[in-house]
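One structure below.
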Number of protein chains: 2
Amino acid sequence: MAHELHEKGLRLTPQRELVLSAVRSLGHATPEEVAEKVRSTHPGINLSTVYRNLETLENVGLVLHTHLGHGGATYHAAEELTHLHLVCSDCGAIGDAPIDAAANFVNTLSDDYGFKTDVTHFAIYGLCAKCAEKNDQKKRTDGKTK
Amino acid sequence: MAHELHEKGLRLTPQRELVLSAVRSLGHATPEEVAEKVRSTHPGINLSTVYRNLETLENVGLVLHTHLGHGGATYHAAEELTHLHLVCSDCGAIGDAPIDAAANFVNTLSDDYGFKTDVTHFAIYGLCAKCAEKNDQKKRTDGKTK
DNA sequence: TAGGATCTTGCAAATTACTCGCAAGAACAA
DNA sequence: TTGTTCTTGCGAGTAATTTGCAAGATCCTA
């Protein structure tokens, strides 16, 4: 970590270490959640420091952010971003799928449109298996009662 | 339009008609842009009315929103949402691709994970052809000069 | 087709999620 | 150690929505 920072003239501070280790231990996390985690052991750390450090750590390539919904970004340690996020529009559950599942899609976009897709940056949105089934049942019931 | 609204006990107001026709004429639009369009002919209409009506029209299925980036949602008329959005991380350009380009991907997620994907809800993120080429050139140049 | 229940609107204030300016406090190269 | 430059904490500032309310509109009903 010190290496990546020093390469760009940046410094290794305790706050930076804490933010990075919070992101690593949380898996997916919003800035707010990172702040909460960091503060659970070091209450003095300011929210804006967390925001700034997430940005800095992203610039040096140690963390990445993904959009899972509404607006807020969620952060990941760079080395952990190895899966797609399947976000359920109904229950909000966040599922995973291997990046390979999108390999053909990515190739198609590259071959036909020259577009180099980063499939992890945005969530894949839809209905999880559970909610899809629930909706099917409801639809059948509605059909009968009408 | 009156039909869809009345079915749910909602009313057809001039503001609603204006918001829907603004969305239809704009294609992609943020709430702010919709408001601007509406106000160009009817200055008195309040921004919160626009927000509320976009939500209402979405509930009755006449418009949909998509996340193209950062935070803000962009709205479409429901009948026009027939393409993927390819958002360039570098230059911000928004390209289109037919939904069919994702058909295999959608089937894979459905077959393997039971996940029913709505590919239009989030943008597909990556580098557009132009920026991908630019980056390639730069990478080659950097390689030589180092 | 007037009356009234209920939905909507406009307005202003409140919220949410960040972002910024600044002075005091660290890192770290020398 | 020391000075330069990066960082932090803090408070204030923004941008994008959201909400509470009273006045106004829509539309069902008789």
Side-chain angles (χ1 to χ4, degrees), chain A residues 1-23 26 28-60 62-63 65-75, chain B residues 1-23 26 28-60 62-63 65-75:
Chain A
M1 163 173 199
H3 175 67
E4 287 89 341
L5 289 166
H6 291 170
E7 254 191 349
K8 307 209 176 184
L10 302 172
R11 295 172 187 176
L12 207 190
T13 65
Q15 289 88 337
R16 272 181 193 158
E17 297 190 277
L18 287 165
V19 167
L20 180 56
S21 81
V23 170
L26 289 169
H28 302 145
T30 62
E32 207 68 45
E33 290 164 344
V34 172
E36 198 180 331
K37 175 82 178 177
V38 168
R39 285 167 167 171
S40 69
T41 55
H42 296 72
I45 292 180
N46 198 279
L47 185 56
S48 46
T49 299
V50 172
Y51 275 100
R52 286 186 286 223
N53 280 333
L54 286 170
E55 194 186 338
T56 303
L57 291 170
E58 185 153 25
N59 284 335
V60 302
L62 290 168
V63 310
H65 77 269
T66 300
H67 297 281
L68 297 184
H70 49 288
T74 66
Y75 287 82
Chain B
M1 161 174 203
H3 175 67
E4 286 88 342
L5 289 167
H6 292 168
E7 253 189 351
K8 307 210 175 184
L10 302 172
R11 294 170 188 179
L12 206 190
T13 65
Q15 289 87 338
R16 273 181 193 158
E17 297 191 275
L18 288 165
V19 167
L20 179 56
S21 81
V23 169
L26 289 171
H28 302 146
T30 63
E32 206 68 45
E33 289 164 344
V34 172
E36 198 180 331
K37 175 81 178 180
V38 168
R39 285 168 166 169
S40 69
T41 56
H42 295 72
I45 293 180
N46 197 278
L47 185 56
S48 47
T49 299
V50 171
Y51 275 99
R52 286 188 284 224
N53 281 333
L54 287 171
E55 194 186 337
T56 302
L57 292 170
E58 184 153 28
N59 284 336
V60 303
L62 291 166
V63 310
H65 76 269
T66 299
H67 297 282
L68 297 184
H70 49 289
T74 67
Y75 288 82

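Numbers restart at 1 for each chain; the letters A, B, ... are given by sequence-line order, proteins then strands.
Comparing D/dC6, D/dT19, C/dC22 against the side chain of A/Arg52 picks out C/dC22 as the nearest. Minimum atom distance to the side chain of A/Pro31 is reached by C/dC18, of the listed D/dT7, C/dC28, C/dC18. Distance from the side chain of A/Arg11 is smallest to C/dA27 among C/dA27, D/dT8, D/dC27. Proximity note for B/Ser48 (side chain, C-beta onward) versus D/dT7, D/dG11, C/dA12: the nearest is C/dA12. Listed nucleotides: D/dC27, C/dT19, C/dA27. Nearest to the side chain of A/Tyr51: C/dT19.
In this structure, A/His42 atom NE2 and D/dT8 atom P are separated by 14 Å, rounded to whole Å. Following rounding to the nearest Å, B/Arg16 (CZ) and D/dA25 (C1') show an atom-to-atom distance of 11 Å. Taking atom CD on B/Glu33 and atom P on D/dA16, their separation rounds to 11 Å, with Å as the unit. Spacing between atom CG of B/Asn53 and atom C1' of D/dT17 amounts to 15 Å, rounded to whole angstrom units. In this entry the distance linking CG of A/Leu54 with P of D/dT7 reads 14 Å, nearest Å. Rounding to whole angstrom units, CG of residue B/Leu5 and P of D/dA25 are separated by 19 Å. C/dT9 atom P lies 11 Å from atom CG of B/Leu18, rounded to whole Å. If you take CG of B/Asn46 and P of D/dC21, they are 18 Å apart, rounded to a whole angstrom.
Heavy atoms from other residues, nucleotides or ligands lying under 6.0 Å from NE2 of A/His6 number more than 12. The environment of CD in B/Glu36 is sparse: at most 12 heavy-atom neighbours from other residues, nucleotides or ligands sit within 6.0 Å. Few gaps surround NE2 on A/His28; more than 12 heavy atoms of other groups in view lie less than 6.0 Å from it.
DNA chain C is contacted by both A/Glu55 and A/Pro14; A/Glu55 maps to the nucleotide lying nearer its 5′ end (nearest heavy atom per residue). Between B/His6 and B/Thr30, the one whose closest nucleotide on DNA chain D sits nearer the 5' end is B/Thr30.
Of the side-chain N and O atoms in A/Thr13, none sit less than 4.0 angstrom from OP1 or OP2 of D/dT7. Within the structure, a side-chain polar atom (N or O) of B/Gln15 is placed less than 4.0 Å from OP1 or OP2 of C/dG10.
With contacts defined as side-chain heavy-atom distances shorter than 4.5 Å, the pair B/Leu5/B/Arg11 does not qualify. Counting heavy atoms from C-beta on, the side chains of A/Leu10 and A/Glu4 never come closer than 4.5 Å.
No contact: A/Leu47 has no heavy atom under 4.0 Å from any strand.
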